[in-house]
Amino acid sequence: MTSDITYRVGVDIGGTFTDIVLLGSDGAVHTKKISSSVDNYARAIVEGLTEVFRDTGISPTALDEIRHGTTVASNAILEHKGAKVGLITTKGFRDVLEIRTLRMPRLYDIAWEKPPPLVERYLRRVVDERVDAKGHVERALQTADAEAQVDALLAEKVEAIAICLVNSFNNPAHELAIKAIAQRKAPHLPVCVSYEVLPEIKEYERTSTTVINAYVIGIVATYLTTLRKSLDAARIKAQLLLMQSNGGLTTDTAAAERPINIIESGPAGGVVGAQVLSRAKGLDRIITFDMGGTTAKAAMVEAGEVTRAQEYAVGAGIMIGSRLLTGAGYTLKVPAIDIAEVGAGGGSHVWIDAGGALQVGPQSAGASPGPVCYDQGGEVPTITDANVALGYINPRYLIGGAVALNADKARRVLESAIAGPMKMPLERAAYGAHLIAASNMIRAIKAVSTERGRDPRQFALFAFGGNGPLFACGMAAALGMTRVVVPPSAGLFSSFGLLYSDIEHHYSRTFRRLLRGADLVDIDQAWRQLADQALQQLATEGLTGARTKIRRSAAMHYQGQSFELVVPVPDGPIDDKMARHLEEAFGAEHERTYGHRAGPEEPVELVSIQVVGAGLRDASGVPDAITTAVSSSAALPARKAYFGDTHGWLETPVVRRSDLATPRQGPLIVEEYDATCVIPPGARIELDRSGNMVIELA
């Protein structure tokens, strides 16, 4: 082993498996898939890396960076295991967290109940102060009043304090004064101030975001500290970088201070990796499809750019991305990759409802006990059991043979629980479950395409995850899509995608102005101030000059509208030409999203200005040539697989990715260490120069 070779590591923790990818500076890739350690996620990371060191002879000191996607923060919210938070707000706004925005996730459902607020009412205290919408102090904060409210919360033994006052985004003086009091009285208590967390309008969104940051800040800091200590104990001194919900990386120090940015870090890595590979392949439009053991997720990359949402609901359960049916969870107003998610994965339960209809999910077998075929105590049939019964999955080759499956047990439980009661052959019952799972996941793809005004037939489907390639062709055909792309290391691609990400810091500020007649010099200066803030943060991380890049965007709406659309702002001064460009860009985005635009006489209002400061580290480029370990060259035995009533059972060749240098016709099954790809009859598959499997559907 050459001593000067260094490695970057991508680690993605899923509900079933923890995926680890090591990428060497020589282009060599080493992978490991290990069961997630739910009681302590850090343990699986260290154990997985230790196994890689043992198998490859790589020294722990050769690791340069560990890039990590985690669900620690989102799990804390889902399980209501965050900190005991106290909130200080303006008199008259004590119940903002409960009033919310009056949006409902299910129309006409009078039985729906709002989730309980993360701060109980007795822990929400008010101060008698007021700042108007322009930042002028109407009623000054009284120090004695502020001290009394802080003392009241400390008496209740709160574990964090959130401060969110009305209109503080325009004048934070009162918030900062209360923060100083809290820090003086309780120096070690986390204090989150809305002006520092989210200096934007909209009281509920700002309050909710600040409270969520306070709610998870302790758990995330503890997790990162534990992970760092575990890595140090294993002689792994590599820098730790966290994937953010927006697709950029951040340091562990920054993540501990602003955990709101890593709430949805888990699924982001795969989308970023797909974005980079699609650019290299010249694919202008792709829809990513990531299916694991518990959920399936879809996102859109258009013109080489990832689509991002400016806010989303966390703790809302499974959401399919509708712009209208929101409000089920807790609003988090931070940029995030626009991902739609459904409860359909390999571990999803297959069951019969009270009306006798076959159903799939959203309940899942998870990592423990797992599907019935895992033979670990599972009793309810799952999608993985159905796919084993259909001949799609080789029961002797899951994770390269590390996990042996009990195919007979899977068939027996499907027969007794599904096929028998429904009085149909086993293969038809299993195929029905497979199709229902596919139809559920198609909802996610439509949520990021059709519901966004895009035609999925004009996109390629980029499939990854442990189960994504298995379902991709059938789903693409149902949507009228003609091309499917499956990247190398598809089952670990979310980890692999982490290696493509840059460090990013996102900043925003409410700055309401009608573009026509606005003081453009004032707007230009405000953007420069945000850019300077981003560059200063990057400089503290050793990123300066050519290793930094600033991207600007603007949130705008027609005057009088309640919701904004975000458009990119090109480089250059904010002058009359730029103002006209922004109006036109907003009109085009409005028409693309909603199907119409206003006339030229309708004024466009700038609502918020936004900046992304990106930093490219010295070693963050991915080598042009990437090599993975080659499995045995021995021929794989063909097996029978079921392709529905039209084709029935077919003797299906089984090949490796390396066997596809010459194009092949379906039916075909491609088996890999981390994923299985099913090619239906009539489809054509070949490898491109980058090692992607490209499937053309009839």
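Just so it is clear, the structure is predicted and the values come from calculations on it, not from any experiment.
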Can any side-chain N or O of [X] pair as donor or acceptor with the backbone N or O of [Y] at less than 3.5 Å?
{"X": "R308", "Y": "D338", "answer": "no"}
{"X": "R443", "Y": "M441", "answer": "no"}
{"X": "S348", "Y": "S364", "answer": "no"}

Would you say the side chain of [Y] lies within less than 4.5 Å of the side chain of [X], judging by non-hydrogen atoms?
{"X": "L405", "Y": "I393", "value": "yes"}
{"X": "I669", "Y": "I679", "value": "no"}
{"X": "E504", "Y": "L249", "value": "no"}
{"X": "I263", "Y": "V216", "value": "yes"}
{"X": "P663", "Y": "R684", "value": "yes"}
{"X": "I337", "Y": "V272", "value": "yes"}
{"X": "D64", "Y": "Y7", "value": "no"}

Next on the checklist: Parallel, tilted or perpendicular, judged at 30° and 60°: which one describes the rings of Y392 and F643?
Outcome noted: tilted
Between [Y] and [X], is the closest basic N to carboxylate O distance under 4.0 Å?
{"X": "R285", "Y": "E305", "answer": "no"}
{"X": "E51", "Y": "K32", "answer": "yes"}
{"X": "E451", "Y": "K446", "answer": "no"}
{"X": "K409", "Y": "D385", "answer": "no"}
{"X": "E672", "Y": "R656", "answer": "no"}

Checklist entry - Is the distance between the ring centroids of F493 and F462 under 6.0 Å? => result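 When the ring centroids of F493 and F462 are compared, they turn out to be within the sub-6.0 Å range.
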Checklist entry - Only one of I13, L241, L498 forms a side-chain contact (heavy atoms from CB on, under 4.5 Å) with H68, so which one is it? => result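 The passing option is I13.
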Next on the checklist: Applying the side-chain contact (heavy atoms from CB on, under 4.5 Å) criterion to F464, which one of S494, P469, S489 satisfies it?
Outcome noted: S494
Checklist entry - Which heavy-atom pair separates P637 from V654 by the least distance, and what is that distance? => result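 In terms of heavy atoms, the two residues are closest at O-CG2, 3.5 Å.
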Pairs of donor and acceptor atoms involving the side chains of residues 471-488, under 3.5 Å and at least two apart or interchain, shall be tabulated with distances.
{"residue": "R483", "atom": "NE", "partner": "E696", "partner atom": "OE2", "Å": "3.0"}
{"residue": "R483", "atom": "NH2", "partner": "E696", "partner atom": "OE2", "Å": "3.2"}

Checklist entry - If we ignore angles and hydrogens, is there a donor and acceptor under 3.5 Å between the side chains of N387 and T384? => result no
